[in-house]
Amino acid sequence: MDDIALEVTALAGLGDIAAAEWDACACPEAAEGGRPADPFTTHRFLAALERSGSVGRGTGWQPHHLVVRASGTPVAVMPLYVKSHSQGEYIFDFSWAEAWERAGRRYYPKLQSAVPFTPVSGRRFLTAPGWEAPGRAALIRAMVQIAADNRLSSAHVTFCTAEEAAAGAAQGLMARVSQQFHWVNQGYAGFDAFLTRLSSRKRKAIRKERAAAQGFGGTIRRLSGAEIEPRHWEAFWTFYQDTGSRKWGRPYLTRAFFDILHETMRDDVLLVLAERHGRPVAGALNLIGRETLFGRYWGAVEDHPFLHFECCYYQAIDHAIATGLSRVEAGAQGEHKLARGYLPCQTHSLHWIADPSFRAAVARFLEAEARAVGQEIEVLTDYGPFRKAAPQD
């Protein structure tokens with residue numbers, strides 16, 4: 001491979017590359033059937049964001065995806081966007097932007113390799129098998145060169161893998177550590193088997209929460225694939241609008257996104273719906289990976305005690321156990337997840353800053369932040385709901 005010339009081009013959208021070519025790099029594990037490890041970097045998911053108008057003109061997320069070709073064949077790709085703000089990223093750099101603009105400089109636009117509105121860890125340097133090192137190196141060089149040539153303040157790679165963070169740091173990017181809460185399946189036979197690993201107090205609390213939530217006066221169903229009907233998306237759109245308006249001022253995703261999701265990704269979706277008197281009143285949207293269930297959105301039009309926890313966390317655990325998934329990632333933030341069996345873990349990102357003095361200041365910040373995150377993870381893990389030692393048979 002060392003003597004093969006690599007050509008890097010930028011795409012104005014996923015429509016400029018065949019789905020099979022993109023997915024050969026993004027999810028080669030799914031080439032012979034089965035699920036991709038990460039549904040969010042597939043061509044169909046990223047294209048759904050573009051086709052629906054959730055990203056693109058007027059959104060602050062302008063696609064500028066990179067493709068590395070060897071002898072005309074794509075061997076590496078990267079989802080990349082020109083950003084005019086820092087919204088929808090979940091690894092926040094607002095303070096960096098404020099500091100740089102206070103100094104009279106322009107922070108935006110910037111480059112961002114990410115899955116928009118999706119705080120889920122996964123590969124960002126998407127390479128075909130055997131092209132991991134040269135493909136990743138070519139993508140990093142191209143991203144930095146584009147930022148430098150266009151006099152952009154910075155380039156960022158968010159929610160990458162730990163391996164990618166180490167490789168990026170070796171190529172001169174700055175690594176950042178953050179945290180999320182994930183549930184890990186220890187081979188549990190059922191939800192009660194999971195509960196036996198918890199302290200008595202936490203176990204009783206969860207049982208009370210589930211009983212209260214399931215007694216809300218209706219039923220809770222888990223739907224996937226052909227079980228999901230257009231009317232279910234209509235209900236979920238109402239839930240999503242309410243949550244989005246309260247959290248972000250306006251929803252990030254358009255109504256058309258959910259129609260396209262129904263068309264192209266129903267088999268990748270787990271929709272949890274709470275229904276009362278034949279009407280959906282709350283719901284949670286999850287995407288299904290090869291080994292992981294990814295919790296994404298929640299909303300409700302009626303308020304019932306603990307229904308949020310039941311639909312988002314406990315139903316996700318039930319599904320993971322029933323289908324043999326190894327973990328549940330329930331999204332960004334939320335220390336309330338700790339008491340429900342979701343433990344803190346590291347997430348990673350990479351950053352390139354053009355200005356040397358600004359880069360040095362950010363590097364100092366990242367060192368201090370990494371120490372604080374490490375200490376917080378240690379404390380929270382120790383404070384977690386699990387018994388200090390597993391019960392003996």
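No hydrogens, no waters, no symmetry mates; every other heavy atom, side chains included, goes into these values. On a predicted model such as this, the values are computed, not experimentally measured, just so you know.
- Y342 places none of its side-chain heavy atoms less than 4.5 Å from the side chain of V184.
- The closest side-chain donor-acceptor pair between E50 and H65 falls under 3.5 angstrom.
- The main-chain N or O of G15 is never found under 3.5 Å from a side-chain atom of H43 such that the two would form a donor-acceptor pair.
- Within the 3.5 Å criterion, the main-chain N or O of R124 finds a donor-acceptor partner in the side chain of E164.
- Put simply, CG on L287 and CZ on F40 are 4.5 Å apart, with the number rounded to the nearest 0.5 Å.
- No salt bridge links K337 with E329; every basic N to acidic carboxylate O contact stays at or beyond 4.0 Å.
- Heavy-atom contacts from other residues, nucleotides or ligands closer than 6.0 Å to CG of D303 number 12 or fewer.
- Counting heavy atoms from C-beta outward, L285 and W233 have side chains that approach closer than 4.5 Å.
- Between atom NE2 of residue H64 and atom CE of residue M78 there is a gap of 11.5 Å, rounded to the nearest 0.5 Å.
- Aromatic rings from F45 and F257 are positioned such that their centres are separated by under 6.0 Å.
- Between H156 and Y107, the angle of the ring planes lies from 30° to 60°, which puts this pair in the tilted group.
- For the pair R210 and F191, the cation sits on the ring face: its NZ or CZ lies under 6.0 Å from the ring centre, inside 45° of the axis.
- When all heavy atoms of L338 and P344 are compared, the pair lying nearest together is CD1-CD, 3.9 Å.
- At a threshold of 4.0 Å, the pair D355-R359 does not count as salt-bridged, since none of the basic side-chain nitrogens sits closer than that to a carboxylate oxygen.
- With Y297 as the partner, the ring pair (Phe, Tyr, Trp, His ring centres under 6.0 Å) test is satisfied by one option alone out of Y240, F117, W237: Y240.
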Determine, step by step, whether V269 and H262 satisfy the side chain to side chain contact (heavy atoms under 4.5 Å, CB included) criterion, reporting the C-alpha distance in whole Å, the side-chain angles of both residues, the deciding distance to 0.1 Å, and the verdict.
CA-CA 9 Å; V269 168; H262 180 79; over 6 Å; no
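- A side-chain N or O of S54 and one of S52 form a donor-acceptor pair less than 3.5 Å apart.
- Shortest non-hydrogen contact noted between C25 and A76 is SG-N, 3.5 Å.
- Annotation: side chain of T381 is in contact with side chain of I377 (closest heavy-atom distance under 4.5 Å).
- There is a side-chain donor-acceptor pair under 3.5 Å between Q112 and T158.
- In this structure, the side chains of I4 and W131 come closer than 4.5 Å at one or more pairs of heavy atoms.
- Note: L307 CG to I220 CD1 = 5.5 Å, rounded to the nearest 0.5 Å.
- Taking the ring centre of F309 as origin, the terminal cationic atom of R340 falls inside the region bounded by 6.0 Å and 45° from the ring axis.
- Between Y90 and F92, the two ring planes are tilted [angle within 30° to 60°].
- Distance alone, capped at 3.5 Å, places no donor-acceptor pair between the D382 side chain and the E378 backbone.
- Under a cut-off of 6.0 angstrom, the local environment of CZ in R276 is crowded, with over 12 non-hydrogen atoms contributed by other residues, nucleotides or ligands.
- Side-chain atoms of S121 and T161, non-hydrogen and from C-beta on, never get closer than 4.5 Å to each other.
- Using a 4.0 Å cut-off between charged nitrogen and carboxylate oxygen, D38 and R290 do not count as a salt-bridge pair.
- Here the straight-line distance linking atom CG of N286 with atom CZ of R296 works out to 9.5 Å at 0.5 Å rounding.
- In this structure, the side chains of S178 and I91 come closer than 4.5 Å at one or more pairs of heavy atoms.
- The shortest heavy-atom contact between A284 and C311 is CB-O, 3.7 Å.
- Looking at R387, its side chain does come within 3.5 Å of a backbone N or O of T196 through a donor-acceptor pair.
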Would you sort out whether R44 and D268 count as a side chain to side chain contact (heavy atoms under 4.5 Å, CB included), showing the intermediate values?
CA-CA 11 Å; R44 59 186 181 271; D268 300 298; 3.2 Å; yes
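- A donor atom on one side chain and an acceptor atom on the other are found under 3.5 Å apart for S86 and D93.
- A salt bridge between E89 and K110 is present, with a side-chain N of the basic residue lying under 4.0 Å from a carboxylate O of the acidic one.
- Using modelled atom types, one finds a donor on one side chain and an acceptor on the other under 3.5 Å when comparing E310 with Q315.
- A salt bridge links R255 to E234: one of the charged nitrogens lies within less than 4.0 Å of a carboxylate oxygen.
- Here the OG1 atom belonging to T219 is positioned 9.0 Å from the CG atom belonging to L273, to the nearest 0.5 angstrom.
- Of all heavy-atom pairs spanning I140 and G168, the tightest one is CD1-CA, 4.0 Å.
- Taking CD of Q171 as the start and CG of L139 as the end, the distance is 9.5 Å to the nearest 0.5 Å.
- No side-chain N or O of Y81 forms a donor-acceptor pair with one of S113 less than 3.5 Å apart.
- In this structure, F194 and N185 have side chains that are not in contact, with every pair of non-hydrogen atoms separated by 4.5 Å or more.
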Give the C-alpha distance, both sets of side-chain angles, the deciding distance and a yes or no for side chain to side chain contact (heavy atoms under 4.5 Å, CB included) between L293 and L270.
CA-CA 9 Å; L293 184 66; L270 175 70; 3.9 Å; yes
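- A ring pair (Phe, Tyr, Trp, His ring centres under 6.0 Å) with F358 holds for exactly one of W100, F365, W96; it is W100.
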Derivation and outcome, side chain to side chain contact (heavy atoms under 4.5 Å, CB included), residues H232 and L223:
CA-CA 10 Å; H232 297 137; L223 307 174; 3.6 Å; yes
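- Two residues are said to be in side-chain contact when any heavy atoms from C-beta on lie closer than 4.5 Å; R136 and E163 meet this criterion.
- Side-chain polar atoms of R266 and S224 form no donor-acceptor pair below 3.5 angstrom.
- When E275, E227, E229 are each tested for a salt bridge (Lys or Arg N to Asp or Glu O under 4.0 Å) with R221, only one passes: E275.
- Here the two rings, on F181 and H336, have centers that are 6.0 Å apart or farther.
- Judged purely by atom type and a 3.5 angstrom limit, T292 has no side-chain atom pairing as donor or acceptor with the backbone of F294.
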